[in-house]
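Before any comments, here is the structure.
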Amino acid sequence: MEESPIRERVLDAKSEVTCQLIDFQWKLGMAVSSDSCKYPYVAVMLKVADHSGQVNSKSIEMTIPQFQNFYRQFKEIAAVMETV
């Protein structure tokens with residue numbers, strides 16, 4: 001039986017992963033606009049080292065629904081990783 005092209009691409013991508021998570025920081029904030037609207041957000045700061053060892057910082061701001069979706073996806077990833 002021939003392996004699907006999609007599966008081959010996934011395996012290729014996995015073998016090429018060369019970045020390492022160095023640090024993960026987060027904070028919960030409240031944004032206030034001029035019309036007194038308040039909304040909570042989550043700010044995430046990642047430090048990632050590439051294959052050469054150079055560390056890059058990435059920041060992400062998410063609304064609470066976006067963060068909840070992000071969290072659900074990470075739970076799914078963790079569940080899959082436990083089976084490997």
Side-chain angles (χ1 to χ4, degrees):
M1 188 165 140
E2 188 175 312
E3 207 171 56
S4 75
I6 293 173
R7 176 127 173 99
E8 290 173 19
R9 279 196 297 261
V10 170
L11 292 175
D12 288 345
K14 183 178 179 183
S15 66
E16 295 176 13
V17 173
T18 57
C19 295
Q20 179 181 9
L21 180 62
I22 302 298
D23 191 28
F24 181 97
Q25 297 179 8
W26 65 274
K27 70 177 181 176
L28 181 62
M30 184 70 69
V32 181
S33 66
S34 60
D35 63 354
S36 299
C37 269
K38 298 178 190 176
Y39 68 93
Y41 67 92
V42 175
V44 175
M45 175 67 85
L46 304 172
K47 286 189 181 178
V48 181
D50 65 16
H51 65 280
S52 68
Q54 182 174 348
V55 177
N56 298 302
S57 295
K58 305 288 182 186
S59 62
I60 305 167
E61 285 189 5
M62 296 173 266
T63 63
I64 297 302
Q66 289 172 327
F67 176 74
Q68 289 169 333
N69 183 46
F70 179 79
Y71 174 72
R72 275 192 295 277
Q73 290 178 6
F74 265 87
K75 280 178 60 174
E76 291 174 16
I77 291 168
V80 171
M81 289 178 72
E82 287 177 3
T83 65
V84 177

### Task
May I ask you to list the residues sharing a hydrophobic cluster with Met45, side-chain cutoff 4.5 Å, ordered by chain and number?
none
#### Entry: Distance-minimising heavy-atom pair for Ile64 and Val42
CD1-CG2, 3.9 Å
#### Entry: Within residues 37-56 or reaching into it, pairs that qualify as side chain to side chain donor-acceptor pair (under 3.5 Å) - sequence neighbours excluded
Asp50-Ser52
Which atom pairs, donor and acceptor, lie under 3.5 Å between side-chain atoms of residues 23-31 and protein residues at least two apart or in another chain?
from: Asp23; atom 1: OD2; to: Gln25; atom 2: NE2; distance (Å): 2.8

### Query
If two hydrophobic side chains count as joined below 4.5 Å and joins carry through other members, does Val44 share a cluster with Ile22?
no
Can you list, pair by pair, the side-chain donor-acceptor contacts under 3.5 Å of residues 66-84, counting residues two or more places apart and other chains?
from: Gln66; atom 1: OE1; to: Thr63; atom 2: N; distance (Å): 2.8
from: Gln66; atom 1: OE1; to: Thr63; atom 2: OG1; distance (Å): 3.3
from: Thr83; atom 1: OG1; to: Val80; atom 2: O; distance (Å): 2.5

